[in-house]
J.: 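Encoded as structure tokens, here's the structure I'll be asking about.
Side-chain atoms are counted along with the backbone in the values below, which use heavy atoms only and exclude waters and symmetry mates. Just so we're on the same page: letters track the sequence lines, and every chain starts at 1. Keep in mind it's a predicted model, so treat the numbers as computed, not measured.
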Amino acid sequence: MPAKQDTFVTEITPRSEDFSRWYTDVVRRAELADYSPVKGSMVIRPYGYAVWELMQASLDARFKATGHVNAYFPLFIPESLLRKEAAHVEGFAPQVAWVTHGGDEELEERLVVRPTSEAIIGTMYAKWIQSWRDLPLLINQWANVVRWEKVTRLFLRTTEFLWQEGHTAHETREEAEAEALRMLGVYKDFAESELAMPVRDGRKTESEKFAGAEVTYSIEALMGDGRALQAGTSHMLGQNFSKVFDIKFQARDKSLQYAWQTSWGMTTRLIGGVIMTHGDDSGLILPPRIAPYQVVIVPIPRGNWQETVLPRAREAAAALTAAGVRVMLDDREEYTPGWKYAEWELRGVPLRIEIGPRDIAKSQALVVRRDTREKLPVPLDELAARLRALLAALQQDLLDRALKFRDDHTRRVTTRDAFEEALRGRPGFVVAPWCGREECETGIKADMQTTIRNIPLEPPPASGGCIRCGNPGLTDVYFAKSY
RNA sequence: CGGGGCGUAGCGCAGCCCGGUAGCGCGCCUGCCUUGGGCGCAGGAGGUCCCGAGUUCGAAUCUCGGCGCCCCGACCA
């Protein structure tokens, strides 16, 4: 059985050859998701959904820790409610799916399938909020939403997707502002700690902000092909929605005030982000903290392995499970060890344990890292402790590697020539001064297919004149081609 | 929604130009063999050739229309 490195290359397109195709191949071959008979809609398969569940659990814990509670609001929103906030409806109108009939009967009022829930939640908040004592109101919901997309891609952009949307109401602008920034911080911490995905946090420009928001913040990650991915957004809605939905409360000074609101969301798109941040030519690489299986054990069938090897493998699995490690013991007989190695590497399992007669003779097992393919023997009685440490190290190494990649693909430029040159070469973030005018922003977008991803939260003084017009720069911003 | 490409077995493809019994590899099933990087041998199952019209004695193949997917742009999480 010669090792045929090129055998499994045929399973997925090499990343360097065609990144988009590589991505699609990984999603399908790793059984994260599949196309469905519904145009633009995908099926999240059990393995992909398991990743989402781990993300959910971790995010949800962070929401609870910051005082939020979960609730559930309706899927359908009456047209009249969506229309209340002018900018909001204008922003979402091209993307909404309409429900016009119930059975055979035409509805008196059309319903939209929620593209987001500000309208329905605002309506309810108006009923629930009367006094400053009712504030802050901190509610999150886990839900599906529908946005009629023209072009779709698995996880990154589908007509229906899963997400969480937080909706809060506060007494003052300052509180709402603090909340929006606090949740942006939660997102950043989540992306970096759990997904090992470094992100740049900042404020969106006027043209890129959420329809109906006063300020939109985002975290932006850099994918393996040098394009940026918006990984989460947090909006300070001001009183835009509270004024149209009549969310009023009696303030401490007895005056009647409109509530200050925020909303923030993260979606299943992040799964796509994880794939494009860490994956390689062999397939997926999952950060241990969101890996459905953190360790796969492959017993080596030799001789009467059922009596000799398998019991040791089962003991190892039990010990790891007891230590809180998510383990898969792959004892299928119809596949060879080599096949299993390739399969679980493709599916991104962070660590593999090979255990055979030779190992058992030495009371050890061979542990192999997915990211570096480094092999190291570990005594069987130390497995649990050693693997926990290895998983933590791997998690950290993935973040470090992604961080280095991002920094290697971030350039600071101060002239228009250098800017255009930077974007012609390998893509990535380009930090450059901008005058703050929308005209320059759209000009760059039209000419360079490059957008301002966001403006740093504490913008340093501009390092020069605007990259586009040369006028005094207002601030340095992050540019990138994006998903 | 513009520009390009592709729809043939579960997956990847050939056949199409030049119309004439639908093929290959992998996978799947049965049995044997064992398995330390996608083992080997033998036998077998599996097809509305994306859909619909048209041309023709005859259409996977030619014509028209539709649908879907992929890639590159404009819009978005």
Side-chain angles (χ1 to χ4, degrees), chain A residues 1-13 18-21 23-25 28-29 34-42 91-96 115-116 145-165 187 204 207-211 216 218-221 229-235 264-273 282-283 298-305 309 330-346 352-360 365-366 368 373 375 442 445-446 448-449 451 481-483:
Chain A
M1 279 117 296
K4 288 169 290 187
Q5 196 68 21
D6 51 327
T7 306
F8 53 79
V9 168
T10 59
E11 296 277 339
I12 48 179
T13 308
D18 183 341
F19 192 87
S20 294
R21 208 169 153 192
Y23 172 80
T24 306
D25 287 348
R28 301 190 68 185
R29 249 324 254 108
D34 203 355
Y35 295 107
S36 78
V38 190
K39 179 186 162 90
S41 297
M42 68 175 191
F92 281 103
Q95 284 189 283
V96 298
T116 178
V145 285
V146 167
R147 296 182 188 176
W148 216 256
E149 297 288 350
K150 289 162 186 165
V151 179
T152 57
R153 297 200 60 197
L154 295 169
F155 287 118
L156 300 176
R157 187 180 300 105
T158 49
T159 299
E160 178 185 2
F161 57 93
L162 305 184
W163 77 344
Q164 65 56 222
E165 47 180 324
Y187 285 164
K204 284 290 195 184
S207 67
E208 296 265 337
K209 75 181 187 187
F210 175 75
T216 288
S218 75
I219 53 172
E220 306 277 336
L229 182 79
Q230 182 170 302
T233 50
S234 182
H235 317 289
W264 25 274
M266 266 196 165
T267 81
T268 38
R269 164 183 262 195
L270 285 172
I271 297 173
S282 296
V298 179
I300 307 301
R302 266 287 174 85
N304 60 338
W305 68 287
V309 176
D330 190 352
D331 57 1
R332 291 175 294 178
E333 297 188 36
E334 61 268 35
Y335 296 110
T336 61
W339 189 93
K340 292 175 185 175
Y341 300 163
E343 182 69 10
W344 292 113
E345 280 174 10
L346 197 153
R352 172 173 82 236
I353 297 178
E354 302 174 15
I355 181 164
R358 295 209 294 265
D359 305 295
I360 288 169
L366 199 60
V368 185
R373 286 209 169 75
K375 298 189 175 189
T442 54
K445 187 172 176 178
M448 314 288 299
Q449 292 83 49
T451 50
K481 298 184 187 207
S482 74
Y483 274 93

J.: Answer yes or no for A:R352 and A:Y341: cation-pi contact, defined as NZ/CZ to six-membered ring centre under 6.0 Å and angle to ring axis within 45°.
T.: yes
J.: Expressed as a whole number of angstroms, how long is the span from A:E345:CD to B:G36:P?
T.: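 Checked: the CD to P distance equals 15 Å.
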J.: Taking A:Y187 for its side chain and A:G265 for its backbone only, find out whether a donor-acceptor pair lies under 3.5 Å.
T.: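 Checking the backbone N and O of A:G265 against the side chain of A:Y187, a donor-acceptor pair under 3.5 Å is found.
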J.: Going by purine N1 to pyrimidine N3 plus the second Watson-Crick contact, or the G-U wobble pair, all under 3.5 Å, which nucleotide sits opposite B:C6?
T.: B:G68
J.: Using 4.0 Å as the upper bound for N to carboxylate O, is an ion pair formed by A:E149 and A:K39?
T.: no
J.: Can you check the A:R28 CZ to B:C11 P distance for me, whole Å?
T.: 7 Å
J.: For the pair made of NZ in A:K150 and C1' in B:C76, what is the distance, rounded to whole Å?
T.: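 Whole-Å distance recorded here is 10 Å.
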J.: Using whole Å, report how far CD of A:E208 lies from P of B:C75.
T.: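 That distance rounds to 9 Å.
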J.: Heavy-atom nearest nucleotide on RNA chain B for A:S482 versus A:D359: which residue maps closer to 5'?
T.: A:D359
J.: Which base, if any, makes a Watson-Crick or G-U wobble pair with B:C28, both distances under 3.5 Å?
T.: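 WC or wobble partner is B:G44.
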J.: Ignoring backbone atoms, establish whether A:R157 has a side-chain N or O less than 4.0 Å from OP1 or OP2 of B:C76.
T.: no
J.: On a plain distance test, is the side chain of A:E343 in donor-acceptor contact with the base of B:G38 below 3.5 Å?
T.: yes
J.: Does any non-hydrogen side-chain atom of A:V309 lie less than 4.5 Å from one of A:R302?
T.: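 The answer is no; the side chains never approach within 4.5 Å.
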J.: Can you list the residues that meet the salt bridge (charged side-chain N to carboxylate O under 4.0 Å, His left out) rule with A:K209, with sequence neighbours excluded?
T.: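 Salt bridge (charged side-chain N to carboxylate O under 4.0 Å, His left out) check on A:K209 returns A:E206.
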J.: Atom CH2 of A:W148 and atom C1' of B:C1: how far apart are they, to the nearest Å?
T.: 16 Å
J.: Using atom CG of A:N304 as one end and atom C1' of B:U35 as the other, report the distance to the nearest whole Å.
T.: 14 Å
J.: Using the test salt bridge (charged side-chain N to carboxylate O under 4.0 Å, His left out), find all partners of A:R21 that sit at least two apart in sequence or belong to another chain.
T.: none
J.: Using the P atom in both, what is the distance from B:A42 to B:G12, to the nearest Å?
T.: 27 Å
J.: What nucleic acid atoms does A:L270 come within less than 4.0 Å of, heavy atoms only: base, sugar-phosphate, or nothing?
T.: nothing
J.: Determine the contact category for A:P357: base if any of its heavy atoms lies under 4.0 Å from a base atom, sugar-phosphate if only primed atoms, P, OP1 or OP2 are that close, otherwise nothing.
T.: base
J.: Among the nucleotides B:U35, B:C76, B:G38, which one has an atom lying closest to any side-chain atom of A:Q95?
T.: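 It is B:C76.
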J.: Who does B:G73 pair with, Watson-Crick or G-U, both distances under 3.5 Å?
T.: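 When the pairing criteria are applied, B:C1 turns out to be the nucleotide that pairs with B:G73.
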J.: With RNA chain B as reference, determine whether A:K481 or A:Y341 sits nearer its 5' end, using the nearest nucleotide of each.
T.: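 Nearest nucleotide further toward 5': that of A:Y341.
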J.: Between B:A9 and B:G2, how many Å separate the two C1' atoms, rounded to a whole number?
T.: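 Comparing C1' positions in B:A9 and B:G2 gives a spacing of 36 Å.
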J.: Taking the C1' atom of each, how far is B:G47 from B:G3, in whole Å?
T.: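 The answer is 34 Å between these two C1' atoms.
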J.: Listed by chain and number, what are the side-chain contact (heavy atoms from CB on, under 4.5 Å) partners of A:E208, not counting sequence neighbours?
T.: A:K204, A:T205, A:E441, A:K445, A:T451, A:R453
J.: Tell me which nucleotide, if any, is Watson-Crick or G-U wobble paired with B:U63 when both distances must be under 3.5 Å.
T.: B:A53
J.: Can you tell me the pairing partner of B:G23 across any strand shown, Watson-Crick or G-U wobble, with both distances under 3.5 angstrom?
T.: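 In the structure as shown, B:G23 has B:C13 as its Watson-Crick or wobble partner.
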J.: Taking the P atom of each, how far is B:G19 from B:C62, in whole Å?
T.: 9 Å
J.: Could you give the CD1-to-C1' distance, from A:I353 to B:G36, as a whole number of Å?
T.: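 The distance from CD1 of A:I353 to C1' of B:G36 comes to 15 Å, rounded to the nearest Å.
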J.: Using the 3.5 Å cut-off, write out each protein N or O paired with an N or O of nucleotides 27-33 of chain B and the distance between them.
T.:
from  : atom 1 : to     : atom 2 : distance (Å)
B:C28 : OP1    : A:Y335 : OH     : 3.4

J.: What interatomic distance, in whole Å, is found between P of B:C64 and the corresponding atom of B:C72?
T.: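 These two P atoms come out 29 Å apart once rounded.
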J.: What residues, two or more places apart in sequence or in another chain, satisfy salt bridge (charged side-chain N to carboxylate O under 4.0 Å, His left out) together with A:R28?
T.: A:D34
J.: In Å, rounded to the nearest 0.5 Å, how long is the span from CG of A:L270 to CD of A:Q230?
T.: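 Result: 10.5 Å between the selected atoms.
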J.: Using 30° and 60° as the class limits, which term best fits the ring planes of A:F210 and A:H235: parallel, tilted or perpendicular?
T.: parallel
J.: Between A:W339 and A:Y335, how do the two ring planes meet: parallel, tilted or perpendicular, split at 30° and 60°?
T.: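 Because their plane-to-plane angle is under 30°, the rings of A:W339 and A:Y335 count as parallel.
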J.: Between B:U34 and B:C41, how far apart are the two P atoms, rounded to whole Å?
T.: 15 Å
J.: Give a yes or no on whether a donor-acceptor pair under 3.5 Å exists between the nucleobase atoms of B:G37, that is its base, and the side chain of A:R352.
T.: yes
J.: Looking for any heavy atom pair under 4.0 Å, which part of the strands does A:E354 touch: base, sugar-phosphate only, or nothing?
T.: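 Base contact - A:E354 has a heavy atom under 4.0 Å of at least one base atom.
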J.: Show each protein N/O and nucleotides 68-71 of chain B N/O combination with a separation under 3.5 Å, one pair to a line.
T.:
from  : atom 1 : to     : atom 2 : distance (Å)
B:C69 : OP1    : A:G40  : N      : 3.0
B:C69 : O3'    : A:Y35  : OH     : 3.4
B:C70 : OP1    : A:Y35  : OH     : 2.6
B:C71 : OP1    : A:R153 : NE     : 3.3
B:C71 : OP1    : A:R153 : NH2    : 2.9

J.: With both distances under 3.5 Å as the test, what is the Watson-Crick or G-U wobble partner of B:G38?
T.: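 The answer is none; no pair meets the criterion.
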J.: B:C76 base to A:R147 side chain: any donor-acceptor pair below 3.5 Å?
T.: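 Side chain to base: no pair below 3.5 Å.
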J.: With P as the reference atom in both, quote the distance from B:C6 to B:A14 in angstrom, rounded to an integer.
T.: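 Straight-line distance between the two P atoms is 10 Å.
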J.: Check every strand shown and say whether A:K445 touches a base, only sugar-phosphate, or nothing at a heavy-atom separation below 4.0 Å.
T.: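 Sugar-phosphate: the residue A:K445, judged by heavy atoms under 4.0 Å, touches backbone atoms but no base.
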J.: Output the single nucleotide from B:C1, B:C75, B:U35 whose closest atom is nearest the side chain of A:E149.
T.: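 Between B:C1, B:C75, B:U35, the one nearest the side chain of A:E149 would be B:C75.
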J.: For nucleotides B:G52 and B:A60, find the distance between their C1' atoms and express it as a whole number of Å.
T.: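 Going atom to atom, C1' in each nucleotide, I get 16 Å.
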J.: Going through the distances and angles, do A:Q164 and A:W264 end up as a side chain to side chain contact (heavy atoms under 4.5 Å, CB included)?
T.: CA-CA 8 Å; A:Q164 65 56 222; A:W264 25 274; 3.6 Å; yes
J.: In whole angstrom, what separates A:I360's CD1 from B:G36's C1'?
T.: 12 Å
